[in-house]
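Just below is one structure, and these are the notes that go with it.
In each ligand, atom 1 is the first atom listed, and ligand 1 is the first ligand listed. Position 1 is the first residue of the sequence, and the numbers go up from there.
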Amino acid sequence: MAKEGHKYIFVLGGVMSGVGKGVVTSSIGLLLQQKGYPVNLVKVDPYLNVDAGTMNPTEHGEVFVLRSGLETDQDMGNYERFLGRDLTNEDYMTSGMVYQSVIARERSLGYHGKFVEAIPHVRDEIIDRMEAAASYNGSRVSVIEIGGTIGDFQNALFIEAARVMKMKHPEDVLFVIVSYLPVPGTIGEMKTKPTQTAVRDLNSYGVQPDFLVARSTHALDDKRKEKLAIWCNIRKEHVISAPDIESIYEAPLNFEKDKLGDAILDALHLPEKRRASLAVWKKFVKSATNKKALEVNIAIVGKYFDTGDFVLADAYLSVIEAIKFSAAKLNRHALITWVNSKDLEKGGAKAVAMLAKYHGIIVPGGFGESGIEGKIKAIQFAREKKIPYFGLCYGMQLMVIEYARNVLKLKNAHTTEIQKNSEDPVVDVMLEQKKHLADNKYGGTMRLGSYPAYLKKGTMARAAYKKELVEERHRHRYEINSKYVKPLEEAGLVFSGTSPDGVLMEIAELPRSVHPFMLGTQFHPEFQARPLAPHPLFTEFLRAAISRKRKK
Ligand code: GLN
């Protein structure tokens, strides 16, 4: 059901992908929220996957897990980080999800014997979902980012749904096109033509954009603003310049300077409830971009680096952001180096010894066999040389395997993810996962989303969080095998966080008397790190890294 007077802002991309629609969406969300309007941000992904869970991170980037457990696009992580709050299932939509509902309804005679067609049925399912998102969490404005670029086959039905929304609620719907203006080296001049063409393409869908965000390496000059306004039929004050910036978190500050938030409220006939207060945000950005901040060198030992620099950063996006937030809090600049775990395998002890130059080492989440012996080597080195170590999910499981192999002397300790009939399955498949794997049911079947954990008194984890009960987001099929908990503990490992019934090991650590920071989590703390609320475990890890730097 449509919510009376609810406002919708659609964000669409022109010319090419990857120019920052997500940042524009997040920034508009933050500005409106700051001006007193509760906002929800929606990501529409046109692909046929039902969710992002089955996609390879080297191709698609990180899979971001919502509190509910839904596996979504990494943009959802940016949305949560900008808004500083959790989003819900209603805020994410793929073509696969939409078609799945339509087909299920057809199979149960929900269309009462009619033909079921893309228009109106699929389109209306999309509209229903957008309206459901609007009513779900008490928001006043929905900012909806339609993935892909104008002119794609895949997203056309979503644009059509948006057009119909505008027709139904002419006063309540706005369109923002985020476009790219190239400055070709040979010409040395910013060109507006591709953007004009993109707007004309959008017009052919029956949609006229109200705002144009002009992304480019340079700022728009007045002449081009005017030209775009006339050719694209958009008020000049609604043509917003968005040159490249150092940090995505600067974007809302720049947009506020250009009065984008006010112009949007005006266009939606909403009075400003209060001046946007961005002082705290500004302070964070200042600290995050402070060139004079002392450096702390962190190595991320992973494997999703195979397709070059661009993808690599994306595969671990939330981890990188979590490091940045804690570093900013500690007034440091974290210099992150990617270490391919396969190189550690090939390079032997010499390659591993190179890790000594870092102040902290992280092994992030992962799946499968490739590169894991290299990761285990890195973990052993971190433990023996007392380099601060932080293991996330797989990084925790491998930390426990390393401990079992080298301290408990269970030479063949392993995870059954890699070695089905392991002699010492220190990490084993969770009971309820066995059936999913046997049936090849991979989509949305892991242990996903938020679960509580109890923290043991006197541990580093408890000291970092400063509380007894925490909730963190998960994404795994394997767990620490309970049979090995006692021997591991007797050998000095501390399970400082467990599920409330004590069955699942959620955090493993070494006492501070033995190692400055050696801690792994079965969950993914990075998903809950926010610019203005850095994650306590990342902050403690960085504190330990900084003090290693001082000692060196
Ligand atoms: N592969 C491991 C598991 O399924 C770890 C998963 C992860 O790191 N997200 O349990």
Please write down residue, atom name and distance for the protein heavy atom closest to atom 7 (C) of ligand 1. Cys393 SG, 3.0 Å

If you measure every N or O of [X] against every N or O of ligand 1, does any of those distances drop under 3.5 Å?
X: Glu417; result: yes
X: Tyr394; result: yes
X: Gly366; result: yes

Only one of [options] forms a side-chain contact (heavy atoms from CB on, under 4.5 Å) with [X], so which one is it?
X: Val426; options: Thr415, Leu488, Thr416; answer: Leu488
X: Phe158; options: Ile126, Asp152, Ile144; answer: Ile126
X: Met505; options: Val427, Ile480, Thr521; answer: Ile480

More than 12 heavy atoms from other groups under 6.0 Å of CG on Asn421: no

Mind checking whether His476 and Phe367 have ring centres under 6.0 Å apart? no

Report yes or no: does a heavy atom of Gln522 sit under 4.0 Å from some atom of ligand 1? no

Of all the atoms in ligand 1, which lie at a distance below 4.0 Å from a heavy atom belonging to [X]?
X: Arg475; value: 6 (C), 7 (C), 9 (N)
X: Arg477; value: 3 (C), 4 (O), 10 (O)
X: Gly365; value: 8 (O)

List for me each residue that meets ring pair (Phe, Tyr, Trp, His ring centres under 6.0 Å) alongside Tyr47, sequence neighbours excluded, and say none if there are none. His60

Check ion pair Glu526-Arg475 (N to O, under 4.0 angstrom): no

Classify the contact between Gln397 and ligand 1 as side chain, backbone, both or neither, using a heavy-atom distance cut-off of under 4.0 Å. side chain

Specify side chain, backbone, both or neither for Met446, according to which of its non-hydrogen atoms lie closer than 4.0 Å to ligand 1. neither

